[in-house]
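All values reported here derive from a predicted model rather than from experimental measurement. Residue numbering restarts at 1 for every chain, and letters A, B, ... go by the order of the sequence lines.
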There are 2 protein chains.
Amino acid sequence: MTLNRDGSVGYLTNLAGRLLVRELERHLSPLGLSPAHMPVLLALDDGSALTQKALTERAGVKQATMTATLTRMERDGLVTILPNPEDGRSTLVALTPLALDKIPAVAAAATAINALVLEQLTPEERSQFFGLIKRIIAVLETQDGAART
Amino acid sequence: MTLNRDGSVGYLTNLAGRLLVRELERHLSPLGLSPAHMPVLLALDDGSALTQKALTERAGVKQATMTATLTRMERDGLVTILPNPEDGRSTLVALTPLALDKIPAVAAAATAINALVLEQLTPEERSQFFGLIKRIIAVLETQDGAART
DNA sequence: GTCATTTACATAGCTTGCTATCTAAATACA
DNA sequence: TGTATTTAGATAGCAAGCTATGTAAATGAC
């Protein structure tokens, strides 16, 4: 093993990301929800409606991924997807009462996981971590945007 | 949006992880390789053979995930999977010459991505980041292990 | 006003992750 | 020795990520 994973930003960040998804999955599955639903739930938790495009941007996933996630959420009675009267190409997505009812429990799960991780860190370390990971995201988003050109 | 993603360890870490995978994918696809191959390639790059169990542990994925990845790699001529003469339950996995030939390019890709990200950070920030993410991983692995009980 | 381009979403097909469960070999122990 | 347990992989089935491509509506250029 020439390259070692202990010095690899990619390996470590990816592993941490997957472990966080597993943990969130454990909290959400009793609610009939899963991690990919989170950005949609949080964006629409005030009962508003957004286009698929807006949700795609907030979630940081590709458009086709969001279409698939929303299709499953509609199938499971979590969202309604209606034509946008202002633009025949787009749709407006809103949470159903079933999903809105679950919001408090979702918020509690998100808070609990954040706390589980952050309580290991001092306040200074927390802001270091947030600052560093956001800078890493910024570099990678630049690369990702450039690749699309 | 009651909870915001800017203060969510999960959202940010997961996003960074996915952006890193996308970047690695861009480097590896011209080689006929993909991100999930990396832990296998790095573990066996000296021509040695390891059991599937050992590879599973190094990659940090579940056993069934590794079986699927190795099956695809075998299909694509990247690994050989042979019965372990020492234990009839297990198998020994080794890279083929085709895969071994690609190792230098794989190492270059890994180094380039690491450098792309890390050159944005001061040496002190780099060690901060590694220290913090490893502590986060440690907490989550404890949770993950406990859930299996 | 018409045609080309752009935009929003849908669809197809793949990989990679997961859980749950099955089989067969090895190990433990009574 | 013989049965029970544990362990290593395989298999099935699903979710969620991706790329590439198709379709229909909106926009823009003339």
Side-chain angles (χ1 to χ4, degrees), chain A residues 10 14-26 28-30 32-40 50-57 59-76 78-79 81-93 144 147-148, chain B residues 14-30 32-40 50-57 59-76 78-79 81-93 144 147-148:
Chain A
N14 206 263
L15 176 58
R18 279 185 296 111
L19 288 168
L20 280 157
V21 166
R22 285 186 205 168
E23 180 65 17
L24 185 55
E25 170 73 27
R26 281 192 284 274
L28 295 183
S29 68
L33 299 172
S34 63
H37 299 164
M38 289 291 292
V40 177
L50 288 175
T51 62
Q52 198 182 112
K53 179 175 164 53
L55 291 171
T56 298
E57 284 162 3
V61 298
K62 299 293 177 179
Q63 174 262 318
T65 300
M66 184 53 73
T67 299
T69 295
L70 292 174
T71 299
R72 280 188 298 273
M73 290 182 79
E74 187 181 36
R75 176 201 65 192
D76 297 340
L78 296 169
V79 297
I81 304 178
L82 298 173
N84 183 353
E86 317 240 310
D87 186 332
R89 295 167 301 178
S90 75
T91 55
L92 289 173
V93 180
D144 196 53
R148 205 170 319 292
Chain B
N14 206 265
L15 176 58
R18 278 186 296 112
L19 288 168
L20 281 157
V21 165
R22 284 186 204 167
E23 180 66 15
L24 185 55
E25 170 73 25
R26 280 192 285 275
H27 282 73
L28 294 183
S29 67
L33 299 173
S34 62
H37 299 164
M38 289 291 291
V40 177
L50 289 175
T51 61
Q52 197 183 113
K53 179 176 164 53
L55 292 170
T56 298
E57 284 162 2
V61 297
K62 300 292 178 180
Q63 172 262 318
T65 299
M66 183 53 73
T67 299
T69 294
L70 292 174
T71 300
R72 281 188 299 270
M73 291 182 79
E74 187 180 38
R75 176 200 66 192
D76 298 339
L78 297 169
V79 297
I81 304 179
L82 299 172
N84 183 353
E86 318 240 310
D87 186 334
R89 294 167 302 179
S90 75
T91 56
L92 288 173
V93 180
D144 197 54
R148 206 169 318 293

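Residue Thr67(B) places no side-chain N or O under 4.0 Å from the OP1 or OP2 atom of dG9(D). Neither OP1 nor OP2 of dT16(C) sits under 4.0 Å from any side-chain N or O of Arg18(B). Arg22(B) has no side-chain polar atom (N or O) that falls below the 4.0 Å cut-off from OP1 or OP2 of dG17(D). Remark: Lys53(B) is in phosphate contact with dA8(D), judged by side-chain N or O atoms under 4.0 Å from OP1 or OP2. The side chain of Ser90(A) contributes no N or O atom lying less than 4.0 Å from OP1 or OP2 of dT7(C).
To the nearest 0.5 Å, atoms CG (Leu19(A)) and CG (Leu24(A)) are separated by 12.5 Å. Here the CZ atom belonging to Arg22(B) is positioned 4.5 Å from the CG atom belonging to Asp144(A), to the nearest 0.5 angstrom. To the nearest 0.5 Å, atoms OG1 (Thr69(B)) and CE (Met38(B)) are separated by 13.5 Å. For the atom pair CE (Met66(A)) and NZ (Lys53(A)), the distance works out to 12.5 Å, reported to the nearest 0.5 Å.
Atom CD of Glu86(B) and atom C1' of dA8(D) are 15 Å apart (whole Å). Here dA20(D) presents its P atom at 11 Å from CZ of Arg26(B), a figure rounded to the nearest Å. Straight-line distance from the CG atom of Asp144(A) to the C1' atom of dG17(D): 13 Å, rounded to whole Å. Separating the CG atom of Leu70(B) from the P atom of dG9(D) is a distance of 10 Å, rounded to the nearest angstrom. Between the CD atom of Glu74(B) and the P atom of dG9(D) there is a distance of 14 Å, rounded to whole Å. In this structure, Met38(A) atom CE and dG17(D) atom C1' are separated by 18 Å, rounded to whole Å. Regarding Leu24(A), its CG atom lies at a distance of 12 Å from the P atom of dG17(D), rounded to whole Å.
Closest contact between the side chain of Ser34(A) and the listed nucleotides dA20(C), dT19(D), dA15(D) involves dA15(D). Side-chain proximity of Ala64(A) to dG17(D), dA20(C), dT11(C): nearest is dT11(C). When distances run from any side-chain atom of Thr65(A) to the nucleotides dG9(D), dA10(C), dG17(D), the shortest one goes to dG17(D). Each of dG9(D), dC18(D), dG17(D) was ranked by its minimum atom distance to the side chain of Thr51(B); first place goes to dG9(D). With dC9(C), dG17(C), dT15(C) as the choices, the nucleotide that has an atom nearest any side-chain atom of Val61(B) turns out to be dG17(C).
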Between Leu28(B) and His37(B), does a side-chain contact (heavy atoms from CB on, under 4.5 Å) hold up when you go through it step by step?
-> CA-CA 10 Å; Leu28(B) 294 183; His37(B) 299 164; 5.9 Å; no

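Between Gln52(A) and Glu25(A), the one whose closest nucleotide on DNA chain C sits nearer the 5' end is Gln52(A). DNA chain D is contacted by both Thr56(B) and Asp76(A); Thr56(B) maps to the nucleotide lying nearer its 5′ end (nearest heavy atom per residue). Residue whose closest nucleotide on DNA chain D sits further toward the 5' end, between Arg89(A) and His37(A): His37(A).
Gln52(A) and Thr56(A) share no donor-acceptor pair across their side chains, judged by distance under 3.5 Å alone.
For Gln63(A) against dA8(C), a side-chain-to-base donor-acceptor contact under 3.5 Å is absent.
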